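Here the structure is laid out as structure tokens; the discussion comes afterwards.
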Number of protein chains: 2
Amino acid sequence: MKKAKRAAKWPRDPEGMRIRILEAAKKEFAAYGLAGARIDRIAAEADANKRMLYYHVGNKEDLYLAVLEAAYEKIRAEERGLDLEHLDPSAAIARLIDFTWNYFIRNPEFLALLNTENVAKARNLKRSTKVKSMHSPFVEMIRTIVDRGVKTGEFRVAMDPVQLYISIAGLCFFYLSNSATLSFIFGRDLLKKDAKEERLEHVIMLVLAALTGRSGATLTPMATAHDSHLA
Amino acid sequence: MKKAKRAAKWPRDPEGMRIRILEAAKKEFAAYGLAGARIDRIAAEADANKRMLYYHVGNKEDLYLAVLEAAYEKIRAEERGLDLEHLDPSAAIARLIDFTWNYFIRNPEFLALLNTENVAKARNLKRSTKVKSMHSPFVEMIRTIVDRGVKTGEFRVAMDPVQLYISIAGLCFFYLSNSATLSFIFGRDLLKKDAKEERLEHVIMLVLAALTGRSGATLTPMATAHDSHLA
DNA sequence: GTACAAATTAACTCGTTGGATAAATACTCC
DNA sequence: GGAGTATTTATCCAACGAGTTAATTTGTAC
């Protein structure tokens, strides 16, 4: 019997292959965690061979770290495009909240990855050299907004930017990341459209109330625009 | 050679054994997640034999669910002992926040377990019959406080109790649960004493500002008392 | 068209791990 | 002190899954 000449499923495309692998790995790690993820499933999902993962990226842990780094890079990059400098302080904060909320909704894998990594006490992330440096510019961006708000008298207090960001992220993150257990124990679907809209308004109200000392009724309409889909 | 008569390490004590198993399993699942947990390690930690886990509880998944149910039962039970009905609305909320914060600090495994379960989309929790029923009384307790606050004029808005609780829990949970990655990316130790005290004050300020519309300066001293260690 | 490297495939290794079996040991009640 | 049951122990094993080896194919440069 003649040996069949089997064409490769994908013509040679190392770059594309690497991307497909990382995308598949992201899904897998998000769905099952580091320990629960299966190399074979990632390979299958990427329309690749198991050997390819090792060839293009490395072992399971390397793969996981690569996914994690890419995830951080992606969100921080989108945030840099927010252009908050040109908005009034309150509007800037509302926009940051709106972005954060919708980013988390659009990227549920990001939440799951962070959870997995935190259960592991950031053991893997600590091996990263890139991730840390992404964050000082981000903190400075928030600090600038707060300082401006204080200077114009719009904000009551010079809130610590890290504290503020953790609150914003926390109010969004916890609701979405824990929506499965919360929906179950409270017996209501936290992910249905109405519930999500209500939550975003609630978060914006909460944060601005604390910053400005004024009621949530002063929200600009813009602040409640959903899914800003920034470039 | 005579067969040594090896005394059992623990004299017959099925109840104690069960408790030791669940305690060891809690640690293990919290540290490694469901997939990463190792039955053998749990057995060793519980000073038991692997067979004992199956005998007293069941397979790995049963064990995991038992741990999860016990964890929910524990926090809800402590909350019931808070006796918030006798406090002024603001003080009651501050006390609830204080309790929640310190409970999370005292029980880091609880946070890790919830994270693991949420990565799994509550797949396992949904098999539980007990957990759901624990929560309506809890929600009603919060609703009562809010209603009282609105009636006395202390609170501006009749905030949805579930929304409010998710915010309180989120502000505490995210900070603590994600402290490993956050500490790393922001380059500061979020778990050192000062940082934790600052965070608790920040959370109380944020929530009360939104509820009362007043500044955080009105905090009662009690509200910042740490580690209430309720009965 | 041939030499050489890059990319891809198939098949195998081998330790780990959840779970199962059977036998041994202690407690209880008569 | 013996029967019967509850608890505990010592082994075993089949499946799985990460990682490897070696062969094969495809592109490229000359």
Side-chain angles (χ1 to χ4, degrees), chain A residues 1-25 27-29 31-67 116 120 123-124 127, chain B residues 1-25 27-29 31-67 116 120 123-124 127:
Chain A
M1 194 202 273
K2 198 170 65 177
K3 188 182 287 184
K5 184 174 182 180
R6 191 171 28 261
K9 208 170 293 174
W10 300 84
R12 299 208 148 193
D13 176 13
E15 271 312 301
M17 172 68 94
R18 203 187 135 87
I19 290 169
R20 294 205 314 280
I21 289 172
L22 289 177
E23 189 57 32
K27 282 190 202 169
E28 179 75 10
F29 287 126
Y32 301 102
L34 175 51
R38 292 293 166 258
I39 292 283
D40 292 285
R41 277 200 299 251
I42 297 175
E45 171 79 20
D47 272 311
N49 185 286
K50 182 162 56 156
R51 181 68 179 76
M52 295 285 84
L53 312 195
Y54 293 88
Y55 183 74
H56 287 286
V57 187
N59 65 19
K60 197 182 184 184
E61 291 198 345
D62 294 339
L63 194 50
Y64 173 78
L65 182 56
V67 166
T116 293
R123 193 182 310 151
N124 308 282
R127 285 168 36 223
Chain B
M1 193 200 275
K2 197 170 66 176
K3 188 184 287 187
K5 183 173 182 180
R6 192 171 24 260
K9 207 172 293 176
W10 301 84
R12 302 208 146 192
D13 175 15
E15 269 313 300
M17 172 69 92
R18 202 186 136 88
I19 290 169
R20 290 204 320 276
I21 289 172
L22 288 177
E23 189 58 31
K27 282 190 200 171
E28 179 73 11
F29 287 126
Y32 301 101
L34 176 50
R38 292 294 166 260
I39 294 283
D40 293 285
R41 274 200 300 252
I42 297 175
E45 171 78 21
D47 272 310
N49 186 288
K50 185 159 58 153
R51 181 68 181 76
M52 293 287 84
L53 313 194
Y54 293 90
Y55 182 76
H56 287 284
V57 187
N59 64 20
K60 197 183 182 185
E61 291 198 346
D62 295 338
L63 194 50
Y64 173 78
L65 181 57
V67 167
T116 292
R123 191 182 309 151
N124 307 282
R127 286 168 35 224

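Keep in mind that what you see is a predicted model, and the values were worked out from it rather than measured.
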(request) Could you check how far NZ of A:Lys50 sits from C1' of D:dT21, rounded to whole Å? (result) 12 Å
(request) Classify the side chain of A:Lys60 and the base of D:dG19 as holding, or not holding, a donor-acceptor pair under 3.5 Å. (result) no
(message) Using whole Å, what does the distance between atom P of nucleotide C:dT8 and atom CD of A:Glu15 come to?
(response) 11 Å
(request) Mind calculating the distance between CE (B:Met52) and C1' (C:dA26) to the nearest angstrom? (result) 12 Å
(request) Counting heavy atoms from C-beta on, name the nucleotide in D:dG17, D:dT8, D:dT20 closest to the side chain of A:Tyr54. (result) D:dT20
(request) Provide, to the nearest angstrom, the distance between the CD1 atom belonging to B:Ile21 and the P atom belonging to D:dT8. (result) 8 Å
(request) Mind listing the closest non-hydrogen atom pair of B:Tyr54 and B:Asn59 along with its distance? (result) CE2-CA, 3.6 Å
(request) Give a yes or no on whether a donor-acceptor pair under 3.5 Å exists between the nucleobase atoms of D:dT21, that is its base, and the side chain of A:Arg51. (result) yes
(request) Without swapping roles, check the side chain of A:Glu23 against the backbone of A:Ala46 for a donor-acceptor pair under 3.5 Å. (result) no
(message) Whole angstroms only, please: what is the CD-P distance between B:Glu28 and C:dG18?
(response) 9 Å
(message) Looking at every heavy atom in both A:Lys60 and A:Phe29, which two are closest together, and how far apart are they?
(response) O-CZ, 3.9 Å
(request) In whole angstrom, give the distance that lies between atom CG of A:Asn59 and atom P of D:dT20. (result) 8 Å
(message) With a cut-off of less than 4.0 Å, is there a side-chain N or O of B:His56 near OP1 or OP2 of D:dA6?
(response) no
(message) Do B:Asp62 and B:Arg127 make a side-chain contact, defined as non-hydrogen atoms from C-beta onward lying under 4.5 Å apart?
(response) yes
(request) Report the nucleotide, chosen from C:dT8, D:dA18, C:dT17, that has the shortest atom-to-atom distance to any side-chain atom of A:Met17. (result) C:dT8
(request) Starting from P on C:dA22, measure out to OH on B:Tyr55 and report it in whole angstrom. (result) 17 Å
(message) Rounded to whole Å, how long is the line connecting atom CD of B:Glu61 with atom C1' of C:dG19?
(response) 13 Å
(message) Classify B:Ala35 by what it touches in the nucleic acid, base, sugar-phosphate, or nothing, heavy-atom distance under 4.0 Å.
(response) nothing
(message) From the set C:dT8, D:dA18, C:dA7, return the single nucleotide nearest to any side-chain atom of A:Arg38.
(response) D:dA18
(message) Minimum heavy-atom separation for B:Gly33 and B:Thr116, please, with both atom names.
(response) CA-OG1, 3.7 Å
